[in-house]
2 protein chains.
Amino acid sequence: MLSKKCKYAIHALVYLAEKYQQGPVHIQEIAEKRHIPKKFLEAILLELRNAKILHSKKGKGGGYYLHQKPSDVNLMEIMRLMDGAIAMLPCVSLHYYERCEECRTEKTCGIRDAFIKVRDETLAILGGSTLDKILKREKALGAK
Amino acid sequence: MLSKKCKYAIHALVYLAEKYQQGPVHIQEIAEKRHIPKKFLEAILLELRNAKILHSKKGKGGGYYLHQKPSDVNLMEIMRLMDGAIAMLPCVSLHYYERCEECRTEKTCGIRDAFIKVRDETLAILGGSTLDKILKREKALGAK
DNA sequence: TTTAAAGTCTATGGATTTAATAGATTAATT
DNA sequence: AATTAATCTATTAAATCCATAGACTTTAAA
């Protein structure tokens, strides 16, 4: 399951994708429109900024805005950033690999196989889910 | 990520699949062979028994054994039992559906789409991963 | 019929993670 | 200088995960 942090991040980014190239957006505005606790959102946006997905501007007229194009930001990277590994087992994770304490002999573990397949399918789908596609889909579904 | 509980359950079941139709196996034996804390394993096996995946026999010469055929037990049901939903969002879960507080308007949510696809692919793979297949694979990989 | 083996059940404790809040500080604009 | 808004540091509250302890029950064998 995605953490709330990750869900909030996705929602905030979709919101910012909608306002792409329209100048900085206040944290306050995002928080209100997407029903996210403001202080929590602060921390999230800061992390997205440090990851170069967002830029920010301080002071009056400041706020956050997308650094990358909406077509260049996908769910895979957002989720990795917020929640870490996408794989269901540490021993099949590409970015957060860890040896499984349980199955000591990785080479002969019959379980990993299925989880490698799940990982690959999942990454393909999430990697292809970009902010602009999500936005398009929302519009197609009739969101205002 | 799978919980330890779930990993332990899978390992224990694979072990019991190996001993299918060879009589009851002690908790103690499974715990030692698969490096699982015995007391924790007790609780797990009990749950698997209540779910009719295992049977048990009390008293001397007792122990646990598979109730279903190894080809009838798959990772999907084990994971659902131990960890709950397999989907990454509550609002796309088939067995543990819950409304997302975040995206209030489910009908116009552009995010769900990707997670429905992930869910379907994942369920197909995990549902097809049965104990006997895992066992076969381990033998093919040369586990003793 | 006693005894030992083994599963069953209830309860609890500690560690870690997640979610949220508070307050002080820094930077930019007007 | 005043105002606005992001940044940073700390702290707290709640939930979950992992593990252990101990008493109880059932069964089989001696």
Side-chain angles (χ1 to χ4, degrees), chain A residues 1-12 16 23-32 34-51 53-67 79 81-85 88 90 96 98 100-102, chain B residues 1-12 16 19 23-32 34-67 79 81-85 88 90 96 98 100-102:
Chain A
M1 281 281 171
L2 298 204
S3 67
K4 289 213 168 190
K5 185 181 173 190
C6 190
K7 285 191 221 169
Y8 289 159
I10 296 171
H11 281 280
L16 288 174
V25 182
H26 304 337
I27 290 181
Q28 186 65 38
E29 177 183 337
I30 306 172
E32 279 172 13
R34 293 292 178 140
H35 310 101
I36 305 172
K38 193 194 160 205
K39 275 293 188 178
F40 198 6
L41 184 58
E42 274 184 25
I44 293 165
L45 296 181
L46 207 50
E47 220 171 312
L48 291 169
R49 180 183 158 276
N50 292 336
I53 292 173
L54 295 181
H55 261 174
S56 65
K57 202 181 165 203
K58 282 188 173 184
K60 197 161 189 175
Y64 279 95
Y65 52 99
L66 272 183
H67 176 48
M79 288 171 59
L81 198 61
M82 294 294 121
D83 286 353
M88 288 178 156
Y96 297 84
E98 265 180 72
C100 258
E101 299 163 44
E102 290 76 28
Chain B
M1 281 282 172
L2 297 204
S3 66
K4 290 213 168 189
K5 185 181 174 189
C6 189
K7 285 190 220 171
Y8 291 158
I10 295 171
H11 280 282
L16 288 174
K19 308 272 180 186
V25 182
H26 305 337
I27 291 180
Q28 186 66 38
E29 177 183 337
I30 307 173
E32 277 171 13
R34 294 291 176 140
H35 310 100
I36 304 173
K38 194 193 160 208
K39 274 292 188 178
F40 198 6
L41 183 57
E42 273 184 25
I44 292 166
L45 296 181
L46 205 50
E47 220 171 313
L48 291 169
R49 179 183 160 278
N50 292 336
K52 318 280 186 206
I53 292 173
L54 296 180
H55 261 175
S56 64
K57 203 182 165 206
K58 283 188 173 184
K60 201 162 186 175
Y64 279 95
Y65 53 99
L66 271 184
H67 176 47
M79 286 171 61
L81 198 61
M82 294 294 122
D83 286 353
M88 290 177 155
Y96 298 84
E98 266 180 72
C100 257
E101 300 164 43
E102 288 76 29

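Atoms considered below: every heavy atom in the structure, side chains included; atoms not considered: hydrogens, waters and symmetry mates.
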Using atom types as modelled, flag every donor-acceptor pair under 3.5 Å from a side chain in residues 51-62 of chain B to any protein atom, sequence neighbours excluded.
unit_1	atom_1	unit_2	atom_2	d
Ser56(B)	OG	Arg49(B)	NE	2.9

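- Counting any heavy atom pair closer than 4.0 Å across all strands shown, Leu45(B) reaches no nucleic acid atom.
- Rounded to an integer number of Å, the gap from Leu46(B) CG to dT25(D) P is 16 Å.
- The CD-P distance, from Glu32(B) to dA6(C), rounds to 11 Å in whole Å.
- Rounded to a whole Å, the CD atom of Glu47(A) is 13 Å from the P atom of dA19(C).
- Note: Glu32(A) CD to Ile30(A) CD1 = 11.0 Å, rounded to the nearest 0.5 Å.
- In this entry the distance linking CD1 of Ile27(B) with P of dC9(C) reads 12 Å, nearest Å.
- Looking at every heavy atom in both residues, Ile44(B) comes nearest to Ala9(B) through CG2-CB, 3.7 Å.
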**OP:** Just do the side chain to side chain contact (heavy atoms under 4.5 Å, CB included) check on His67(A) and Leu48(A) with the steps written out, would you?
**Re:** CA-CA 10 Å; His67(A) 176 48; Leu48(A) 291 169; over 6 Å; no

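- Closest approach of Ser3(B) and Asp83(B) over heavy atoms only: OG-OD1, 2.5 Å.
- The structure places NE2 of His26(B) at 10.0 Å from NZ of Lys38(B), a figure rounded to the nearest 0.5 Å.
- In this structure, CG of Leu48(A) is placed 14 Å from P of dA6(D), rounded to the nearest angstrom.
- Across Glu47(B) and Leu81(B), no two heavy atoms sit closer than the pair OE2-O, 3.7 Å.
- In this structure, CD1 of Ile30(A) is placed 12 Å from C1' of dA5(D), rounded to the nearest angstrom.
- The nearest whole Å value for the distance from the CE atom in Met82(A) to the P atom in dT17(C) is 17 Å.
- With a 4.5 Å cut-off on side-chain heavy atoms, Lys5(B) and Phe40(B) count as touching.
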Subject >> Contact state string [nucleotides 21-30 of chain C, B base, S sugar-phosphate only, - no protein heavy atom under 4.0 Å] >> reply: BBB--BBBS-

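- Within the 4.0 Å cut-off from OP1 or OP2 of dC18(D), not a single side-chain nitrogen or oxygen of Tyr8(B) is found.
- When side chains are defined from C-beta on, Leu2(A) does not count as touching Met82(A), because their heavy atoms never get closer than 4.5 Å.
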Subject >> Annotated protein contacts, base or backbone, on nucleotides 11-17 of chain D with a non-hydrogen cut-off under 4.0 Å, one of B, S, - each >> reply: -------

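- Taking atom CG of Asn50(B) as the reference point, atom P of dG7(C) lies 15 Å away to the nearest angstrom.
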